[in-house]
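In what follows, a single structure is set out as structure tokens and then discussed.
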Amino acid sequence: MSDKVKKRRDAIINVAFLAMVLGLIFVFFKYCFGIAAPFLLSFFFAVLLQRPLRWLDKKTKNKCHTLWSLLLVLLSILIIVGPLIIILSLIGREIGNFVSYLTDQLNDLPSFLATLEKEILGLIKFLPDSIYTSAADYISDLFGKMINNFDLSAIGIDMKSVTSGLTTGVSGIYGVVKNIPSVLIGIVIGVVAWIFFTKDYNYIVHFIKLQLPDNKKNILSEIKQIFSKTVLKMIRAYGIIMLITFCELFLGLSILNWIGVMDNSYVVMIAIVIAIFDILPVAGSGGILIPWAAISLILGEYPAAIGLIVVYAVITVIRQYIEPKIVGSSLGVHPLVTLAGLYFGLKLFGFMGMFIVPLAVMTLKAFNDAGRIHLFNSPERN
């Protein structure tokens with residue numbers, strides 16, 4: 001067999017292997033993840049509890065292993081659920097108030113559109129008289145329709161599509177509410193499985209190892225180390241960055257309120273939304289703060305616009321400084337890959353896919369870099 005044919009054969013095998021891996025991942029997340037989620041999550045949390053459980057067992061000489069397992073699980077639930085309920089209730093109240101605020105703002109839409117029309121006409125005054133007259137007539141007619149009749153179709157927004165989207169959204173919410181009983185059952189089963197996984201962790205891991213060939217005995221320990229050193233570290237790092245961004249936004253917007261530049265009662269809600277949006281590749285916090293500043297500028301609220309730009313600049317500078325130190329240059333994937341993961345995750349698996357697919361990509365990259373699998377060759381960054 002010639003070298004050329006051998007290379008082609010190897011390339012076909014690699015492509016087929018990659019396609020098989022991606023196909024298995026798709027099938028798993030599309031059809032199996034929802035079913036297996038209670039057990040997967042409970043096993044993951046059981047792994048996290050093993051270190052404190054071993055410490056307690058050592059102090060009591062393994063006399064209360066079952067009791068400590070149960071108490072650790074219950075304590076973990078209290079630590080997770082207690083703050084979560086408080087946070088969700090606060091967010092729910094803020095969302096309700098924020099929706100009312102947006103409704104009030106929509107009532108001022110005609111005045112905003114009139115101001116925007118005036119600003120646009122002022123910006124195009126440099127055009128020759130004949131072109132300016134035609135453009136001004138078109139712009140005035142366009143804004144006149146929107147102001148007098150709220151005719152959003154004048155700018156290409158089809159109200160039938162909007163209504164259809166709202167109907168779909170309501171149907172989605174109904175579907176979620178309808179599935180609440182099954183979710184509650186899954187939570188109960190997950191908690192019970194969490195207790196058993198925590199109590200019998202060593203036995204379960206030993207049983208799995210007995211089913212593996214001799215040369216694969218250490219694969220579980222290797223996977224655990226790779227996952228904890230890469231993926232968990234990445235999640236923790238970006239969680240810290242989100243918290244820092246939230247604090248910066250909360251402090252910055254509160255200062256703008258305090259000095260009288262801005263009058264906004266929804267600082268917490270806005271800071272949470274922008275901090276989450278800031279994690280998305282390409283977009284970042286500027287995707288909200290810059291348009292917000294531009295609208296403030298159009299409305300003549302110059303101090304607010306300057307304040308928002310300053311807040312954005314501070315966030316950007318601090319982000320550029322802390323991200324390499326917290327995340328590390330060798331752990332992440334390229335923003336373009338992350339963006340593609342968000343998009344395909346949303347299209348293939350819905351909203352949760354925006355989180356599942358990028359996490360799966362990070363996991364595959366971690367295993368590939370560690371040499372456990374070989375899906376692609378990673379180039380070295382300069």
Check: [Y] and [X] side chains under 4.5 Å, non-hydrogen atoms:
X      : Y      : value
Val73  : Lys199 : no
Asn202 : Arg54  : yes
Ser285 : Leu249 : no
Ser42  : Phe196 : no
Asp137 : Thr133 : yes
Ile77  : Trp194 : yes
Glu248 : Val311 : no
Ile195 : Ser69  : no

Nearest-0.5 Å distance, [atom1] of residue [X] to [atom2] of residue [Y]:
X      : Y      : atom1 : atom2 : answer
Tyr201 : Leu49  : OH    : CG    : 11.0 Å
Leu210 : Phe207 : CG    : CZ    : 8.0 Å
Thr60  : Leu56  : OG1   : CG    : 6.5 Å

Please confirm whether the backbone N or O of Asp57 pairs with a side-chain atom of His65, one donor and one acceptor, at under 3.5 Å?
->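 Here the side-chain-to-backbone pair does not exist.
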